[in-house]
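Step one of this worksheet: look at the structure below.
Counting starts at 1 for both ligands and their atoms, following the listed order.
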Amino acid sequence: MATTATSIKRMFIDGKWCDADSGRTLGVINPATEEVLEEIAYGGRAETRRAVEAAQRAMPAWTKQTAWDRAKVLKKTADFMRQRCDAIARTLTLEQGKPLAESKAEILHSADTFEWFAEEGKRAYGQIIPNSAPGKRHLTLKHPVGVVGAISPWNFPITLQARKIAPALAAGCTIVCKPASQTPLSLVQVFECMIEASLPAGVANLVMGPAQEIADEFLENQICRKISFTGSTEVGKQLMRGAADQVKRVSLELGGHAPFIVFADADPEAVAKAAVIGKFRNNGQVCIAPSRFYIHADVHKRFTEAAVEFARALKLGNGLDAGTEVGPMFEKKAMEHTVQLVDDARQHGAKVLTGGKRSTRFERGYFFEPTVLANLSPSARIMTDEPFAPVMPLLDFSKIDDVIQAANNTRYGLAAYVFTNDLTITWRMAEGLEAGIIGINDPVPATPQCPFGGMKESGLGRELAHEGLEAYLETKYISLKLRD
Ligand code: NAP
């Protein structure tokens, strides 16, 4: 494989950049060119143990700081991220593939997350609770959970760590972060921002290496009190089982299979445009990506024609090139998985309205044509498995009860989208859908001050919002008996 690697990106443990004990490195691939971009230090269990121990040593002083002082580090981190947005975005596009504009949006959203939790940390309030017995007083205090192990996937390498680092640090916890092995480079740049923002040694650590080894250390080391994981439902379940032994706290942000439901009163062309933008953002490799499109029979034809036209017009290319709207998929395996999903849908009778294959316009890179499918059978894999692919399956419906039932007929419950201007339909859908995030006429609902997370097998707990801070706090109840 061709290489353009010039340097090694190191792990960050106890305030120092360091190599793997073994000297082992791993190449990070550019999905647009299939070249090695850079090597990373690839450690393992011993390095993770040192990072966890450093986080434990750093915790008393960090917890003792006031929330106002901790906020200064988080706010300065946000400032540095905004100042360096262009440089970090370039790295993110190179390692992940998404267009530069999407990379910039990810960095700015993540900077906002750091800033928002800097402020929310000041609101980790306890309560004074009215007493029932004379002479007693009851109150609660908030206490940081402890050292956190944070594992994240490759699709939003910065955002998904920011949603863990910022609230954990704001709450007075310390953290050891493990990014996806394929996309660690942009997070290294975020660590540089934290270091320049005067992050004390050991408060946030970065380890890279085989996932199982790092996770085993998080699970088996008594010092690590919480695991915050974003990734597949299968790995989330394994971690939940592993965490049971020491009753470790777990937050899980897992897979989704979001229904996108368009009622007859919606404008089919305008909604088709929003649907195409929402579906093909980051090539459909988004946990809240709409992935089953239920269109009311009255507007199905107009919606379909518009969606096919918009999808065909999307500009596929290297994310660094001006005008690119859809980049390569992030790895070869993901592209091959998409080929199989479309083949399986075809075998179950689906019709390909546009796309449906690897793009032949590129000599290298994992480019798949934005795809729209019709005539979906409920037994096609794409209807039950999380697709994580640039494929838009279109279905139709006539009755509200039927579409609610179809939308909820999945083990997932992360996001759902509804397009209507009818107030009664809006309420029935908001109350009837089993999803943690519901966008009504809103294809991009995520924002730092609102809760993000799933029902059913899509996860446990919420990130962002006040709930995202609470996830790093224990409630201590104090009962006080006064002298008579
Ligand atoms: P994945 O295989 O579960 O990997 C995610 C992370 O877990 C990576 O850092 C990976 O490390 C690590 N990992 C892999 N095997 C592990 C193990 N046995 N124990 C502990 N950690 C392990 O997920 P993916 O398929 O790459 O990512 C896509 C999934 O993430 C989708 O299901 C998507 O819906 C979900 N996701 C959810 C949200 C949300 O907020 N709900 C957001 C984004 C993505 P390596 O890279 O080193 O293998």
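A side-chain N or O of Ser228 and one of Tyr472 form a donor-acceptor pair less than 3.5 Å apart. Residues Asp216 and Gln212 bring a donor and an acceptor atom of their side chains to less than 3.5 Å of each other. Residues Gln189 and Thr91 have side chains that bring a donor and an acceptor to within less than 3.5 angstrom of each other. Thr183 and Gln96 are not linked by any side-chain donor-acceptor pair at a separation below 3.5 angstrom, with hydrogens and angles left out of the test. At a cut-off of 3.5 Å, with distance as the only test, a side-chain donor of Thr475 or Lys142 sits close to an acceptor on the other residue. Checking Thr410 against Lys456 by side-chain atom types alone, no donor-acceptor pair falls below 3.5 Å. Checking Glu95 against Ser186 by side-chain atom types alone, a donor-acceptor pair falls below 3.5 Å.
Contact annotation: Trp154 has at least one heavy atom less than 4.0 Å from an atom of ligand 1. Within the structure, the closest approach of Gly454 to ligand 1 does not fall below 4.0 Å when heavy atoms are considered. Residue Pro179 places a heavy atom less than 4.0 Å from ligand 1.
Annotation: Glu386 places an N or O atom under 3.5 Å from an N or O atom of ligand 1; distance criterion only. Not one N or O of Asn155 is nearer than 3.5 Å to an N or O of ligand 1, by distance alone. Considering backbone and side-chain atoms alike, Ala215 places every N or O at 3.5 Å or more from each N or O of ligand 1. Checked by distance only, ligand 1 and Thr233 stay at 3.5 Å or farther apart across all their nitrogen or oxygen atoms.
The part of Gln182 lying near ligand 1 is the side chain, judged by heavy-atom distances below 4.0 Å. Only the side chain of Leu414 comes within 4.0 Å of ligand 1, judged by heavy-atom distances. Residue contacts with ligand 1 for Leu160 involve side-chain atoms from C-beta outward but no N, CA, C or O (heavy atoms, distance under 4.0 Å). Counting heavy atoms closer than 4.0 Å to ligand 1, residue Gln238 contributes side-chain atoms (C-beta onward) but none from N, CA, C or O.
Looking at Asp245, its side chain never comes within 3.5 Å of a backbone N or O of Glu220 through a donor-acceptor pair.
When hydrogens are left out, the protein atom nearest atom 18 (N) of ligand 1 is Gln212 OE1, 3.1 Å; that is the closest non-hydrogen contact. Scanning all protein heavy atoms for the shortest distance to atom 8 (C) of ligand 1 gives Ser152 O, 3.3 Å. With respect to atom 14 (C) of ligand 1, the closest heavy atom belonging to the protein is Ala211 CB, 3.7 Å.
Near Phe229, meaning under 4.0 Å from any of its heavy atoms, are these atoms of ligand 1: 3 (O), 6 (C), 7 (O).
The aromatic rings of Phe388 and Trp154 stand perpendicular to each other, their planes meeting at an angle above 60°, with 30° marking the opposite boundary.
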